[in-house]
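Shown below is the structure under consideration.
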Amino acid sequence: MHLGPYLYRQPVALAPMAGITDRPFRQLCRAWGASYAVSEMLTSDTRLWNTRKSQLRMDHRGEDGPRIVQIAGADPDMLAQAARLNVERGAEIIDINMGCPAKKVCRRAAGSALLADEALVEQLLRAVVAAVRVPVTLKYRTGPSPEQNNAVRIARLAQDAGIAALALHGRSREDAFRGQAEHLTVRAVKRAVDIPVLANGDIGCPAQARRILDESGADGLLIGRGAQGRPWLFGQIRALLDQGRLLPEPCLEEQNAVILAHVAEIHAFYGPDQGVRIARKHIGWYLESRAESGPLRRQLMRCRDAAEQLEQLQGALRALPRRAA
């Protein structure tokens, strides 16, 4: 699979997730085997780029390439301008969001809401491709609803517009994250176009990853929620796909070191006050795999001081065993 100058054999990549795939998490997942990592969704309204939230989302210092910036919006000119400015700032690939089901995004007729207007989808894709000289990719869903599955038509529009690769989440906008993702639509899309297609949705273990690749015929995988609290999942999947090996999860001591280092990096990136709040969700995901973690998780959610959070987390990790399989 080619993405500009980058060549991947069955890539296993980190999907963009708003409020989650910040620079610390992207770098962590890359260190544990992610082929590449897509940044958090950035609005195409450049008037909002001076906010602290947007500035942090645009921070790629120290990251290995490719630097992939995802942009969202419903105005072709604004989306094209956002793409140009991000390339000027160092983006090596632009990803367009037509997959987010969040109400606050869809209310602005952006994200997966765009799938109901195929003419506008085509305008947006052509505007961005024409605006930049780097690869442009598209992440989208199967359609507005299960009954309105237009994924193949959108894929053909995208290929004709010059989109370099597709990532398809196997749910519709209406589904949000309910039910089970289906990947037969990914197979239909793969058969309909010549550009690379990645499967996304409900990839939580190496066995699922291999099954979804076999079922969909996709060129690779884009993993989102499955990596929350388990950044080592990428390396486990790579080992199975490349070498036929089933790797165990890292030992508890190694996991503990990863978790503590990640939380410390979050504190450094956001500052101690905001960092404590951001770290809470990651701590919750990490501790889900630990038996009897409920009381300690609740205690950690109440921490307001960065040093206290790290100290209490260290004690909790020493005390909690792995949950029985």
Check your understanding: Does a salt bridge link Asp59 with Arg23, judged by any charged N lying under 4.0 Å from a carboxylate O?
Key -> yes
**Study point:** Closest heavy-atom pair and its distance - Leu114, Met98
**Key:** CD1-CG, 3.8 Å
Review point. Do Ser35 and Arg238 pass the side chain to side chain contact (heavy atoms under 4.5 Å, CB included) test, and can you show the C-alpha distance, the side-chain angles, and the key distance before you say yes or no?
Key: CA-CA 9 Å; Ser35 304; Arg238 282 257 60 94; 3.8 Å; yes
Review point. Who pairs with Gln148 by side chain to side chain donor-acceptor pair (under 3.5 Å), at least two apart in sequence or on another chain?
Key: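 Ser145.
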Review point. Considering residues, nucleotides and ligands other than Arg225, do more than 12 of their heavy atoms fall under 6.0 Å from its CZ?
Key: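 Yes, CZ of Arg225 has more than 12 neighbouring heavy atoms, counting only those of other groups under 6.0 Å.
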Check your understanding: Taking atom CG of Leu124 and atom CE of Met78, what is their separation to the nearest 0.5 Å?
Key ->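 Answer for the CG-CE pair, Leu124 versus Met78, is 11.5 Å.
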Review point. Can you check whether His169 and Phe177 have ring centres sitting under 6.0 Å from each other?
Key: yes
Exercise for review: Take Gln55 and Arg52 through the test side chain to side chain donor-acceptor pair (under 3.5 Å) and record every step on the way to the result.
Suggested key: CA-CA 5 Å; Gln55 289 292 310; Arg52 174 174 166 79; over 6 Å; no
Exercise for review: Output the distance between atom OG1 (Thr51) and atom CE (Met58), rounded to the nearest 0.5 Å.
Suggested key: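 Result: 9.5 Å between the selected atoms.
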Practice item. State plainly whether the residues Arg230 and Glu249 are in salt-bridge range, i.e. N to O under 4.0 Å. Key: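 The answer is yes: the pair qualifies as a salt bridge.
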Practice item. Could you tell me which non-hydrogen atom of Glu92 sits nearest to which non-hydrogen atom of Gly65, and how far apart they are? Key: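 Closest approach of Glu92 to Gly65: OE1-CA, 3.6 Å.
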Check your understanding: Should the pair Arg304-Glu308 be classified as a salt bridge under the 4.0 Å nitrogen-to-oxygen rule?
Key -> no
Review point. Does any donor atom in the side chain of Arg211 or Gln208 lie under 3.5 Å from an acceptor atom in the other side chain?
Key: no
Point to revise | Carboxylate-amine/guanidinium contact Lys190 Asp219, below 4.0 Å | key: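 Answer for the salt bridge query: yes.
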Check your understanding: Any donor and acceptor pair, going by atom type alone, linking the side chain of Arg67 with main-chain N or O of His60 inside 3.5 Å?
Key ->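 Side chain of Arg67 to backbone of His60: a pair is present.
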